[in-house]
Novice: 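Have a look at this one.
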Number of protein chains: 4
Amino acid sequence: MTKNKLVQATIKNFAAYGYQGATMSRIAKDVGIKPASIYYFFANKEALFQEAVHLILSHHFSMMKKTFEQYREGEVHQLFSELLRSIVAYHTGYMDETKAYITMVNSPIPNIKKDVGDYLQEYNQWLVEQLMLTIQEKYPGLEEQAVNRLIEYFIFIGNGLFWAVVIYEAETLQNNLEMAMELMDQCLYQIMGE
Amino acid sequence: MTKNKLVQATIKNFAAYGYQGATMSRIAKDVGIKPASIYYFFANKEALFQEAVHLILSHHFSMMKKTFEQYREGEVHQLFSELLRSIVAYHTGYMDETKAYITMVNSPIPNIKKDVGDYLQEYNQWLVEQLMLTIQEKYPGLEEQAVNRLIEYFIFIGNGLFWAVVIYEAETLQNNLEMAMELMDQCLYQIMGE
Amino acid sequence: MTKNKLVQATIKNFAAYGYQGATMSRIAKDVGIKPASIYYFFANKEALFQEAVHLILSHHFSMMKKTFEQYREGEVHQLFSELLRSIVAYHTGYMDETKAYITMVNSPIPNIKKDVGDYLQEYNQWLVEQLMLTIQEKYPGLEEQAVNRLIEYFIFIGNGLFWAVVIYEAETLQNNLEMAMELMDQCLYQIMGE
Amino acid sequence: MTKNKLVQATIKNFAAYGYQGATMSRIAKDVGIKPASIYYFFANKEALFQEAVHLILSHHFSMMKKTFEQYREGEVHQLFSELLRSIVAYHTGYMDETKAYITMVNSPIPNIKKDVGDYLQEYNQWLVEQLMLTIQEKYPGLEEQAVNRLIEYFIFIGNGLFWAVVIYEAETLQNNLEMAMELMDQCLYQIMGE
DNA sequence: GATGAATGAGCTTTCATTCAT
DNA sequence: TATGAATGAAAGCTCATTCAT
């Protein structure tokens with residue numbers, strides 16, 4: 001469908017040139033239509049980009065959710081590892097979305113900045129909640145505060161991994177993933193006790 | 001000096017709007033001159049931005065260098081802590097430079113992308129080299145490979161902290177700094193032994 | 001019928017925005033169809049507007065004719081009064097047509113300008129002819145030249161009233177109508193003698 | 001000066017094509033510059049047209065004022081005649097301004113419509129005030145109400161003449177001017193007594 | 001050093017129109 | 001009858017850049 005193709009092309013151009021640098025002409029050309037035709041599907045540039053933003057964010061969410069659901073039953077140690085692996089897999093696999101995401105975080109377009117901010121908060125909340133439930137289920141005696149610290153470490157380590165995806169090549173990145181997993185194991189060991 | 005003010009205004013606008021979004025008019029207005037006057041100081045937009053890029057990168061380098069020199073004589077543990085603290089201090093204190101840096105990393109302007117890539121490599125090399133010397137000096141018996149791993153962990157943790165500066169508010173950020181330092185201590189303990 | 005509704009919507013938009021300012025989309029939206037559907041009824045924008053123009057002009061003609069026929073049998077004095085009253089009634093009652101008419105008079109669209117010019121001439125001719133017949137019938141001895149002067153005064157006063165409709169509110173307009181009727185009476189008295 | 005030429009070309013195009021029909025390109029071409037250059041002098045199309053509107057209105061005002069000052073000392077009868085003659089002279093001499101004025105009266109651009117409305121009121125007020133003073137000075141015993149009625153008739157007759165300028169050719173118009181002056185004399189005679 | 005005036009290139013957007021369905 | 005999808009042309013406007021002063 002033309003509309004979907006438009007959003008995909010928008011993500012690609014957003015990633016490569018940023019909001020102002022991505023032009024309606026280029027996006028149209030990538031899709032194989034004329035610029036004027038975009039306006040049949042979207043009211044204006046901002047509306048088009050907002051749809052792209054929403055797609056990126058919901059895509060990210062569904063990816064992380066899928067991983068979470070797949071490994072929630074197993075060991076906590078493995079869950080963390082797989083979530084970290086998933087961060088790398090998603091962000092390298094959908095590099096355009098990742099690059100677009102980076103420019104979105106400080107977008108001068110208020111609506112976009114707001115959407116990303118809202119998402120970040122929502123995603124974080126979901127992640128904390130789910131991890132809390134899962135871990136407490138498995139370690140019933142554990143204090144909430146301890147679990148919370150564990151989750152905070154996980155998020156911190158995840159952020160390091162995310163930025164690594166952006167700036168490093170495959171090899172270094174693989175090394176970073178291993179470090180992340182080891183650090184996470186350390187934290188688990190430290191907090192849960194032996 | 002007008003030229004300096006121009007570069008500063010460029011950094012500010014670069015941070016706020018990205019390369020394409022930052023206009024010569026706005027930069028000129030911020031400085032209090034007319035757009036045409038910019039061309040007395042810089043050949044064109046790219047040259048102006050490249051100077052801004054260089055300033056940002058060299059500023060970052062000199063900050064990290066200063067911290068390094070200040071703490072290289074002390075304990076390794078403290079050196080790492082201060083370097084991490086320095087990352088937070090620099091990136092929050094010079095938020096515009098940080099934001100500009102983020103957009104620079106994926107800049108569609110080849111020269112800018114290249115400069116940043118080169119810098120990243122150079123900075124990394126310097127950091128590794130300096131840390132290697134310093135640590136080996138203090139732990140003469142330690143294998144190079146172990147030191148290397150330690151440094152890699154430090155860089156990984158530093159990256160996590162960097163991204164935290166970008167997306168978190170002061171409070172969360174402080175918490176992240178503490179986690180970073182604790183993780184680093186863990187690594188030290190793990191690798192150096194007790 | 002859709003076609004009629006289209007013409008009505010065209011008049012409304014013509015009045016509000018002028019020829020260039022009135023868009024096919026807006027007209028379609030007012031009617032509740034899509035722009036493409038207009039082309040089933042009209043060859044193009046000009047054809048649509050020409051139909052609107054014709055409707056406005058023939059509507060005006062039929063209104064004035066009706067008034068004329070209604071009062072031609074009575075006193076000349078009353079006929080003039082009612083014709084003047086009719087000018088106000090028509091142009092206030094069908095304000096959209098009046099506003100459209102004003103823009104039509106100097107329309108950059110040759111066909112429209114021509115149609116309006118032709119109509120003005122035709123309408124004038126009809127008016128003069130009818131008034132001539134009616135007045136001569138009632139004042140058989142009167143010289144044709146005198147009747148002609150009377151008619152010219154009537155048209156002049158009618159024009160003043162017309163423009164008053166365009167620029168004044170109801171109250172001022174009412175006052176203008178009374179002045180017009182009094183002036184007309186004066187002319188009658190002056191020319192017909194006591 | 002380019003700016004003045006721009007305003008003149010704007011009036012000409014405004015008269016010929018209306019607000020929406022007049023394009024920045026055409027105006028630029030008339031002046032002998034490129035469209036982009038207009039934006040050095042005016043913020044946008046509306047600002048340019050607003051300047052044109054102001055010029056038209058103030059021009060009209062200064063013309064009527066001049067006539068008024070020239071004949072205020074003489075007979076009232078002559079003052080009215082000259083004012084009427086002045087209406088014809090101005091509106092035929094500056095046909096573009098007159099045509100532009102007609103489209104302005106019902107302009108879909110709020111600012112323009114407002115400016116014209118405000119002007120109409122201001123001009124009317126000035127006219128009534130000046131005529132009141134002048135006539136009362138010359139006919140000291142006359143009641144204010146009587147003078148008021150006289151002025152109202154003058155304005156009414158002036159409106160008829162104005163619209164005649166718009167729709168008639170020179171010959172008919174001359175005839176209309178004579179009628180207007182005769183009607184005005186009649187009113188004077190009627191109200192001031194013999 | 002600085003700018004007034006100008007411009008080419010290109011941007012987003014609008015709009016009348018087409019045509020297969 | 002009606003429209004979804006598309007487009008050529010042109011609109012208003014922005015912007016980096018130039019150059020004489």
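Chain identifiers are assigned alphabetically (A, B, ...) following the order of the sequence lines, protein sequences preceding nucleic acid strands; residue numbering begins at 1 within each chain. Just so we're clear, the structure is a prediction, and the values are computed from it rather than from any experiment.
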Novice: Can you name the side chain to side chain contact (heavy atoms under 4.5 Å, CB included) partners of T98(D), sequence neighbours left out?
Specialist: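 T98(D): side chain to side chain contact (heavy atoms under 4.5 Å, CB included) contacts with H91(D), M95(D), F162(D), V166(D).
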Novice: Can you list everything that forms a side chain to side chain donor-acceptor pair (under 3.5 Å) with N4(A)? Sequence neighbours excluded, please.
Specialist: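 N4(A) satisfies side chain to side chain donor-acceptor pair (under 3.5 Å) with no residue once adjacent residues are dropped.
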Novice: Would you be so kind as to tabulate the donor-acceptor pairs closer than 3.5 Å made by side chains of residues 50-62 of chain C, with sequence neighbours excluded?
Specialist:
| unit_1 | atom_1 | unit_2 | atom_2 | d |
| --- | --- | --- | --- | --- |
| Q50(C) | NE2 | D115(C) | OD2 | 2.9 |
| H54(C) | NE2 | D115(C) | OD2 | 3.0 |
| S58(C) | OG | H54(C) | O | 3.1 |
| S58(C) | OG | L55(C) | O | 3.3 |
| H59(C) | ND1 | E97(C) | OE1 | 2.9 |
| H59(C) | ND1 | E97(C) | OE2 | 3.1 |
| H60(C) | ND1 | Y119(C) | OH | 2.6 |
| S62(C) | OG | H59(C) | O | 3.1 |

Novice: Specify the residues of residues 11-21 of chain D, ordered by number, for which at least one heavy atom lies under 4.0 angstrom from an atom of DNA chain E.
Specialist: none
Novice: Please report the distance, rounded to the nearest Å, between CD1 in I27(B) and P in dA16(F).
Specialist: 8 Å
Novice: Let me know, please, whether T2(B) or I38(D) comes out on the 5' side of the other along DNA chain E by nearest nucleotide.
Specialist: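 Its nucleotide being nearer the 5' end, the pick is T2(B).
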Novice: Which residue pairs satisfy the salt bridge (Lys or Arg N to Asp or Glu O under 4.0 Å) criterion with at least one member in residues 6-16 of chain B, sequence neighbours excluded?
Specialist: K12(B)-D30(B)
Novice: Heavy atom of residues 45-55 of chain D under 4.0 Å from DNA chain F: which residues?
Specialist: K45(D)
Novice: dA5(F) phosphate, OP1 or OP2: any side-chain N/O from Y40(A) under 4.0 angstrom?
Specialist: yes
Novice: What is the separation between atom NZ on K29(D) and atom P on dG8(E), rounded to the nearest whole Å?
Specialist: 13 Å
Novice: Across the strands shown, which category fits A22(C) at heavy-atom distances under 4.0 angstrom: base, sugar-phosphate, nothing?
Specialist: sugar-phosphate
Novice: How do F41(C) and F41(A) order along DNA chain F: which one's closest nucleotide is nearer the 5' end?
Specialist: F41(C)
Novice: Please give me every residue in residues 103-115 of chain C whose heavy atoms get under 4.0 Å of an atom in DNA chain E, ordered by residue number.
Specialist: none
Novice: Once you round it to whole Å, what is the distance between P of dA5(F) and CG of L6(A)?
Specialist: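 Result: 12 Å.
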Novice: Any side-chain N or O of S37(B) less than 4.0 Å from the OP1 or OP2 oxygen of dT3(E)?
Specialist: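 Indeed, a polar side-chain atom of S37(B) lies that close.
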Novice: Restricting to salt bridge (charged side-chain N to carboxylate O under 4.0 Å, His left out), what partner residues turn up for D96(C), sequence neighbours left out?
Specialist: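 Listed in chain order: nothing, the list is empty.
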Novice: Within 45° of the ring axis of F41(D) and under 6.0 Å from its six-membered ring centre, is that where the NZ or CZ of K5(D) lies?
Specialist: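 No - K5(D) does not lie over the ring of F41(D) by the 6.0 Å and 45° rule.
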Novice: Quick one: side-chain hydrogen bond (donor to acceptor under 3.5 Å, both in side chains) pairs with a partner in residues 35-46 of chain C, sequence neighbours left out?
Specialist: E46(C)-N111(C)
Novice: Using whole Å, what does the distance between atom C1' of nucleotide dA2(E) and atom NZ of K34(B) come to?
Specialist: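 To the nearest whole Å, that distance equals 10 Å.
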Novice: Mind calculating the distance between CZ (R26(C)) and P (dC15(E)) to the nearest angstrom?
Specialist: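 It is 9 Å, rounded to the nearest whole Å.
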Novice: Restricting to pairs with a member in residues 3-26 of chain C, which pass ring-ring contact (aromatic ring centres under 6.0 Å, His included), not counting sequence neighbours?
Specialist: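 For residues 3-26 of chain C, and leaving out neighbouring residues, the ring-ring contact (aromatic ring centres under 6.0 Å, His included) pairs sorted by first residue read F14(C)-F49(C), Y19(C)-F49(C).
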Novice: Tell me: CE of M1(D) to P of dA6(E), nearest whole Å?
Specialist: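 Going from CE in M1(D) over to P in dA6(E) covers 11 Å.
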Novice: Note the angle between the end axes of the helix from dA2(E)-dT21(F) to dT21(E)-dA2(F), five pairs defining each, rounded to 10 degrees.
Specialist: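 Computed from the C1' atoms at both ends, the axes differ by 10°.
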Novice: If you restrict it to nitrogen or oxygen atoms, what contacts under 3.5 Å exist between nucleotides 18-21 of chain E and the protein, and what is each distance?
Specialist:
none

